[in-house]
*Asks:* 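Below you'll find the structure I mean.
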Amino acid sequence: MPAPLRLRLDGDALVQNWRTLDRMSGTAACGAAVKANGYGLGAIEVARRLANAGCRDFFVSNWQEAAELAPLGLTVSVLHGVREDDMPAAAAGFARPVLNTPTQVARWKAVGAGPCDVMVDTGMNRLGISTDDIAGGLLDGVEIETLMSHLACADEDSPMNAAQRDRFAALAGATSAKRTSLANSAGIALDGYAFDLTRPGLALYGGVPRPELSTIRQVVRPEAQILQRRRVRAGDSVGYNARWTAENDTEVAVLNLGYADGYRRHFTNVGAALALGRVLPVLGRVSMDLVAIDVDAARELEEGDWVTLDYALPASAAASGLSQYELLTGLGQRFDRVWSVS
Ligand SMILES: *Cc1c(COP(=O)(O)O)cnc(C)c1O
């Protein structure tokens with residue numbers, strides 16, 4: 001049966017965003033980060049569309065995510081590398097690991113395994129082997145497809161960006177790597193950071209981490225069905241802890257959507273729905289499965305009608321205090337995910 005809430009996913013916008021990022025990557029190839037279930041949209045649906053558009057390099061976090069994509073037959077890199085438990089999956093050959101630690105490198109060498117990627121830490125101090133370890137010969141004899149590093153501050157104008165780029169560039173020729181890769185979405189907007197391969201995630205899905213990416217199009221629009229209409233009298237309140245009180249009699253609609261679906265409590269008295277060309281503010285606290293909106297401006301809306309939540313990522317992030325990443329990856333499993341074309 002159809003769910004009372006759905007995600008409208010714009011396949012054309014997704015593909016156009018990839019093309020925009022591909023163009024901005026210059027001579028570098030443009031890949032796609034599809035970890036966390038394609039940032040909440042659905043990894044298989046995203047990867048299939050981007051592969052059809054010409055994308056050739058896909059990135060996931062772990063081997064479960066890689067296994068899910070295996071039927072598509074794509075080139076997939078597993079960003080978290082290989083644990084001992086992952087070695088059978090890695091041996092199956094449907095993806096290659098991004099080796100992050102000396103232990104992972106040793107594990108890979110010990111079985112004489114084939115091509116891999118390697119993450120080097122250039123200052124973020126998250127994942128990756130050190131430049132000292134590379135200088136010490138750790139990667140000698142390792143067959144590397146892509147040597148990569150990750151920017152900590154690409155969404156800001158920070159001196160750390162150039163420092164990381166220069167540290168990464170200095171590794172040229174130090175390994176067997178066929179390609180080098182540094183930039184995420186925000187890094188693509190910086191000049192001279194593309195190297196041979198870029199790895200956007202957020203901006204594919206409509207996120208705008210830097211103003212240079214303002215042509216990126218919205219891909220995700222949550223919609224929810226009205227479960228109840230009511231009139232709230234002046235002086236009465238709506239929802240848990242009575243966080244909104246009517247100044248005047250107000251027409252209200254209660255929607256089939258809540259924080260269990262990723263429509264987080266941060267939208268309490270801040271979010272809005274859009275219907276009939278009008279903006280309908282969220283009233284009071286967002287509940288687990290429900291949220292109330294003011295439909296005074298759209299009184300023709302009835303029980304059973306659908307409204308779209310305002311989920312333009314940069315503005316929604318600013319209004320809610322959540323990151324654009326959280327807004328996407330928190331989207332829950334109760335939505336029907338409905339793709340338009342491509
Ligand atoms: C998630 C991730 C990306 C994509 O980053 P965005 O900021 O979403 O574009 C690229 N590289 C690595 C290593 C990542 O973990």
Side-chain angles (χ1 to χ4, degrees), residues 3 5-25 28-80 94-96 98 117 146 148 181 183-188 197-209 213 215-223 261-262 311-314 316-317 323-342:
L5 63 169
R6 58 193 176 208
L7 279 185
R8 290 271 180 207
L9 299 165
D10 186 336
D12 276 336
L14 174 78
V15 164
Q16 275 209 20
N17 288 342
W18 181 77
R19 293 210 170 106
T20 296
L21 295 160
D22 186 39
R23 198 177 326 114
M24 291 176 77
S25 298
C30 183
V34 296
K35 61 199 185 190
N37 195 29
Y39 285 45
L41 282 67
I44 293 195
E45 290 296 309
V46 166
R48 195 170 60 70
R49 283 174 168 77
L50 295 182
N52 286 340
C55 182
R56 291 291 167 262
D57 301 274
F58 295 86
F59 299 89
V60 297
S61 286
N62 63 43
W63 290 88
Q64 276 175 313
E65 293 178 338
E68 204 185 321
L69 292 179
L72 297 183
L74 306 171
T75 300
V76 175
S77 296
V78 180
L79 290 165
H80 293 188
F94 53 77
R96 61 176 186 252
V98 180
D117 297 335
T146 305
M148 64 184 82
S181 174
N184 61 348
S185 300
I188 291 172
L197 170 66
T198 59
R199 309 186 306 268
L202 182 72
L204 293 171
Y205 311 110
V208 183
L213 292 166
T215 58
I216 288 296
R217 287 175 49 188
Q218 185 171 355
V219 178
V220 180
R221 289 177 181 81
E223 296 180 344
D261 304 302
Y311 220 65
L313 290 173
S316 296
S323 74
Q324 298 178 61
Y325 297 86
E326 292 171 282
L327 291 175
L328 288 170
T329 58
L331 292 167
Q333 286 311 308
R334 292 193 294 198
F335 288 100
D336 284 339
R337 285 167 164 76
V338 183
W339 285 87
S340 64
V341 295
S342 295

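In what follows, residues are counted from 1 in the order of the sequence shown.
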*Asks:* Taking the side chain as every heavy atom from C-beta outward, state whether V46 and Y205 have any pair of such atoms under 4.5 Å apart.
*Replies:*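 With C-beta onward as the side chain, the pair touches.
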*Asks:* Under the salt bridge (charged side-chain N to carboxylate O under 4.0 Å, His left out) definition, can you give me all pairs with a residue in residues 54-63, not counting sequence neighbours?
*Replies:*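 For residues 54-63, and leaving out neighbouring residues, the salt bridge (charged side-chain N to carboxylate O under 4.0 Å, His left out) pairs sorted by first residue read D57-R179.
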*Asks:* Just verifying a value: how many Å separate Q218 CD and S316 OG, rounded to the nearest 0.5 Å?
*Replies:*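 One gets 7.5 Å once the value is rounded to the nearest 0.5 Å.
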*Asks:* Where the side chain of D336 meets the backbone of R6, is there a donor-acceptor pair that is under 3.5 Å apart?
*Replies:*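 Answer holds: no.
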*Asks:* Look only at the side chain of D117 and the backbone of T146, and say whether a donor-acceptor pair between them is shorter than 3.5 Å.
*Replies:*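 Looks like yes, one N/O pair under 3.5 Å.
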*Asks:* Are any of the side-chain heavy atoms of M148 and F59 separated by less than 4.5 Å?
*Replies:*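 Yes. Closest side-chain heavy atoms under 4.5 Å.
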*Asks:* Would L331 and D261 satisfy side chain to side chain contact (heavy atoms under 4.5 Å, CB included), going step by step from the backbone distance to the final call?
*Replies:* CA-CA 6 Å; L331 292 167; D261 304 302; over 6 Å; no
*Asks:* Between the main-chain N or O of S181 and the side-chain N or O of R199, is there a donor-acceptor pair closer than 3.5 Å?
*Replies:*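 Answer holds: yes.
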*Asks:* Carefully, step by step, assess L69 and I44 under the rule side chain to side chain contact (heavy atoms under 4.5 Å, CB included).
*Replies:* CA-CA 6 Å; L69 292 179; I44 293 195; 4.1 Å; yes
*Asks:* Check whether NZ of the Lys or CZ of the Arg R49 lies under 6.0 Å from the centre of the six-membered ring of W339 and within 45 degrees of that ring's axis.
*Replies:*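 Geometry flag: set, cation within 6.0 Å and 45°.
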*Asks:* Using modelled atom types and a 3.5 Å cut-off, is there a donor and acceptor pairing between side-chain atoms of N17 and backbone atoms of L204?
*Replies:*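 Yes.
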*Asks:* Got K35 and L79 here, is their nearest side-chain heavy-atom distance under 4.5 Å?
*Replies:*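 K35 vs L79: side chains touch.
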*Asks:* Is there side-chain contact between W18 and L14, with at least one heavy-atom pair below 4.5 Å?
*Replies:*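 W18 vs L14: side chains apart.
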*Asks:* Is any side-chain heavy atom of Y325 less than 4.5 Å from a side-chain heavy atom of L202?
*Replies:*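 SC-SC contact between Y325 and L202 confirmed.
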*Asks:* Within the structure provided, determine whether L9 and E45 are in side-chain contact (heavy-atom separation under 4.5 Å).
*Replies:*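 No; the side chains remain at least 4.5 Å from each other.
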*Asks:* Quick check against the 3.5 Å criterion: does S323 have a side-chain atom that pairs as donor or acceptor with the backbone of E326?
*Replies:*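 Yes, the answer is positive, given that a donor and an acceptor are paired below the 3.5 Å cut-off.
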*Asks:* Measuring only between side-chain heavy atoms, which start at C-beta, is L41 closer than 4.5 Å to V219?
*Replies:*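 A side-chain contact exists here, since the closest heavy-atom pair is under 4.5 Å.
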*Asks:* Check the pair V220, L327 against side chain to side chain contact (heavy atoms under 4.5 Å, CB included), reporting the backbone distance first and the verdict last.
*Replies:* CA-CA 10 Å; V220 180; L327 291 175; over 6 Å; no
*Asks:* Between L7 and E223, is a side chain to side chain contact (heavy atoms under 4.5 Å, CB included) present by the stated rule, with each step listed?
*Replies:* CA-CA 6 Å; L7 279 185; E223 296 180 344; over 6 Å; no
*Asks:* Would you check if L313 and L328 make a side-chain contact, meaning some heavy-atom pair closer than 4.5 Å?
*Replies:*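 Yes - at least one pair of side-chain heavy atoms lies under 4.5 Å apart.
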*Asks:* Locate the shortest heavy-atom distance separating L21 from P200; write the atom from each residue and the value.
*Replies:*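 Closest heavy-atom pair between L21 and P200: CD1-CB, 3.8 Å.
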*Asks:* Using only atom types and a distance under 3.5 Å, with no angle test, would you say the side chain of Q324 pairs donor to acceptor with the backbone of V208?
*Replies:*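 Looks like yes, one N/O pair under 3.5 Å.
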*Asks:* Per the side chain to side chain donor-acceptor pair (under 3.5 Å) rule, what does the pair list look like for residues 59-73, sequence neighbours excluded?
*Replies:*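 Matches after skipping sequence neighbours: none remain.
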